[in-house]
Protein chains: 2
Amino acid sequence: MEMSLKRRETMHRLCAKGLEIFNEKGYYNTSLDDILTELNLSKGAFYHHFKSKEDYFISIVQNLMVQKVYALLVEPLDTFENPLPIIVESLENALEPGRQNEMAYGFMLNDFLTEFHKRNEEISRYLKDIINVWEVNLVSVLKKGKVDGHIARHVDCEGVATYIIASFMGMRTLMMDSSNRQLKYQYIQQLKQYFKSLETERVLA
Amino acid sequence: MEMSLKRRETMHRLCAKGLEIFNEKGYYNTSLDDILTELNLSKGAFYHHFKSKEDYFISIVQNLMVQKVYALLVEPLDTFENPLPIIVESLENALEPGRQNEMAYGFMLNDFLTEFHKRNEEISRYLKDIINVWEVNLVSVLKKGKVDGHIARHVDCEGVATYIIASFMGMRTLMMDSSNRQLKYQYIQQLKQYFKSLETERVLA
DNA sequence: CCTTTAACCGACCCACCGGTCGGTAACAGA
DNA sequence: TCTGTTACCGACCGGTGGGTCGGTTAAAGG
């Protein structure tokens, strides 16, 4: 039962454009026709491929968002160096607009999580799963950093991961409008400041 | 042109219940009838007091949200002590559920800001104003702390304020469901850790 | 070719919701 | 007691948007 090429292509076009517009205007504020018009497709075409708007969005989450978050925030962590600068770099990079896509994939998570919170339990779960994957990987790389002597022994890795994620998510709310250059700089600076307090103390000569 | 007592009372009942339900289910996901049914009021009554749903929400923001945020996050800062523990305490307190009201007023801001972002410019502005007041007060108390010798001279107060607000906001996204006890604890611990790195270095004996 | 099935079209349905409007009840002041 | 005003009622309107369905086109397979 191979999916035909045509089918795959149309579904992918729908998902890609859907992510773009949902990200711009929000899920509930975007009608299917908003998306279909831009693709010159009809309601009929849509419901031939997806069984509902919800099903459609879940496809987007699983096919596009997961990969993007993974590529931007999880894979960069896979290194043997000191994890703290690596984490800073990955966050800095994730905040950079228009890198190859012009969407801030880390931010979307915050927006969508808030939007679906208490409105759609199922979609919320899928989104939370993504955060969980990120968190687990952060914790693991932090623990490795502890073993390798980059991070002080007293540090609570789970707590640090939570704090990193929270501050990153929260930046979205603040960066919503304009002047994001300054905000991003402030954020990265303070993050580094915070990370300094997690480092193993320099041994006195 | 005094507003009659009856009028004030009904308007206040509407605002209070509105805040409660909007906070629970979101603005766009709550119909006026959802609120009116609970108060045994009619559409007619509503439009006798407010000119639109938007106008109504703005009333809620200005009459209720502003005060609450002020009381929870701004007023506690007004002290002559070391500001850092004061800030921690205010955030800890703001995260405490069911203190006298069972709504986390700090959190609402994050939710509503996200919800109105790109959907209603005017309401977004009112909400951002609240954040701004908070930020300005944070910066001011941090600067005072610097003068008083509690905070190291190299610290960028604006950056710190941004970082505090971001992490606080972001906690909402993570605390959405269950297990908030643990998360709150982790957050406060890491915040303290971060603050330690802002303190004036202990003078060597 | 002819048949079958996948891809797609778009008119239509209906529930929901913000907002309107012509009323009624109650109360205050004269 | 009469009158005007304030508070409130609830049927109704109209736009919106998810989802349906009876089609048509086009490609694939025999």
Side-chain angles (χ1 to χ4, degrees), chain A residues 1-61 112 115-116 118-123, chain B residues 1-61 112 115-116 118-123:
Chain A
M1 247 340 206
E2 268 300 293
M3 233 193 288
S4 82
L5 210 71
K6 192 80 201 284
R7 181 175 179 83
R8 287 182 72 87
E9 196 236 322
T10 304
M11 286 177 79
H12 184 266
R13 277 175 62 220
L14 277 165
C15 285
K17 181 60 77 178
L19 179 59
E20 184 190 324
I21 304 192
F22 286 142
N23 184 44
E24 251 171 45
K25 309 201 303 167
Y27 176 83
Y28 291 106
N29 197 35
T30 302
S31 69
L32 292 179
D33 279 326
D34 288 344
I35 297 163
L36 294 170
T37 305
E38 284 215 24
L39 294 174
N40 288 314
L41 285 174
S42 65
K43 277 276 181 68
F46 179 87
Y47 281 94
H48 181 66
H49 295 299
F50 299 97
K51 63 183 235 290
S52 68
K53 190 186 182 187
E54 180 180 351
D55 172 65
Y56 169 52
F57 189 79
I58 291 174
S59 282
I60 292 175
V61 172
F112 286 133
E115 187 170 11
F116 289 113
K118 290 267 183 184
R119 276 191 87 166
N120 189 311
E121 196 61 40
E122 193 183 353
I123 293 183
Chain B
M1 242 345 200
E2 268 299 294
M3 231 193 288
S4 81
L5 210 72
K6 192 82 202 280
R7 180 175 180 84
R8 287 181 71 87
E9 195 234 322
T10 304
M11 286 177 80
H12 186 266
R13 276 174 63 219
L14 276 166
C15 286
K17 180 61 78 177
L19 179 59
E20 183 190 325
I21 305 193
F22 286 141
N23 184 45
E24 252 171 44
K25 309 202 306 168
Y27 176 82
Y28 290 106
N29 196 35
T30 302
S31 68
L32 293 179
D33 280 325
D34 288 343
I35 298 162
L36 295 169
T37 304
E38 284 215 22
L39 294 175
N40 288 314
L41 286 173
S42 66
K43 277 276 180 68
F46 179 87
Y47 281 93
H48 181 66
H49 295 298
F50 299 98
K51 63 183 236 292
S52 66
K53 189 185 181 186
E54 181 181 351
D55 173 64
Y56 169 51
F57 189 79
I58 292 173
S59 282
I60 292 176
V61 172
F112 287 132
E115 186 170 12
F116 290 112
K118 289 267 181 184
R119 278 191 87 164
N120 189 312
E121 196 61 40
E122 194 184 353
I123 293 183

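Every chain is numbered from 1 and lettered A, B, ... according to where its sequence line falls, protein lines coming before strand lines.
- Proximity of B:Phe57 to B:Tyr27: side-chain heavy atoms (C-beta onward) are separated by under 4.5 Å at one or more points.
- Among the protein residues, A:Asn40 comes within range of the sugar-phosphate backbone only, with heavy atoms under 4.0 Å from sugar or phosphate atoms but none that close to a base.
- Set against D:dA7, C:dC9, C:dG18, the side chain of B:Ser4 has D:dA7 as its closest nucleotide.
- Of the side-chain N and O atoms in A:His48, none sit less than 4.0 angstrom from OP1 or OP2 of C:dC8.
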Show the atom names and distances, to 0.1 Å, of all donor-acceptor pairs under 3.5 Å that link a side chain in residues 36-50 of chain B to residues at least two apart or in another chain.
{"unit_1": "B:Thr37", "atom_1": "OG1", "unit_2": "B:Asp33", "atom_2": "O", "d": "2.6"}
{"unit_1": "B:Glu38", "atom_1": "OE1", "unit_2": "B:Lys17", "atom_2": "NZ", "d": "3.2"}
{"unit_1": "B:Ser42", "atom_1": "OG", "unit_2": "B:Gly44", "atom_2": "N", "d": "3.4"}
{"unit_1": "B:Ser42", "atom_1": "OG", "unit_2": "B:Ala45", "atom_2": "N", "d": "3.3"}
{"unit_1": "B:His49", "atom_1": "ND1", "unit_2": "B:Arg7", "atom_2": "NH1", "d": "3.2"}

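- The side chain of A:Thr10 places an N or O atom within less than 4.0 Å of a non-bridging phosphate oxygen (OP1 or OP2) of C:dC8.
- Considering only side-chain N and O atoms, A:Arg7 lies nowhere under 4.0 angstrom from the phosphate OP1 or OP2 of C:dA6.
- Judged as a side-chain contact (heavy atoms from CB on, under 4.5 Å), and not counting sequence neighbours, B:Lys118 has no contacts.
- Between B:Asn29 atom CG and D:dT16 atom P the separation is 20 Å, expressed in whole Å.
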Query raised in the report: Reading nucleotides 19-30 of chain C 5' to 3', which nucleotides get B (base under 4.0 Å from a protein heavy atom), which S (sugar-phosphate only), which -?
Result: BB----------
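- When each of C:dC9, C:dA7, D:dA7 is scored by its nearest atom to the side-chain atoms of B:Lys6, the top-ranked nucleotide is D:dA7.
- The closest side-chain heavy-atom distance from A:Phe112 to A:Ile123 is not below 4.5 Å.
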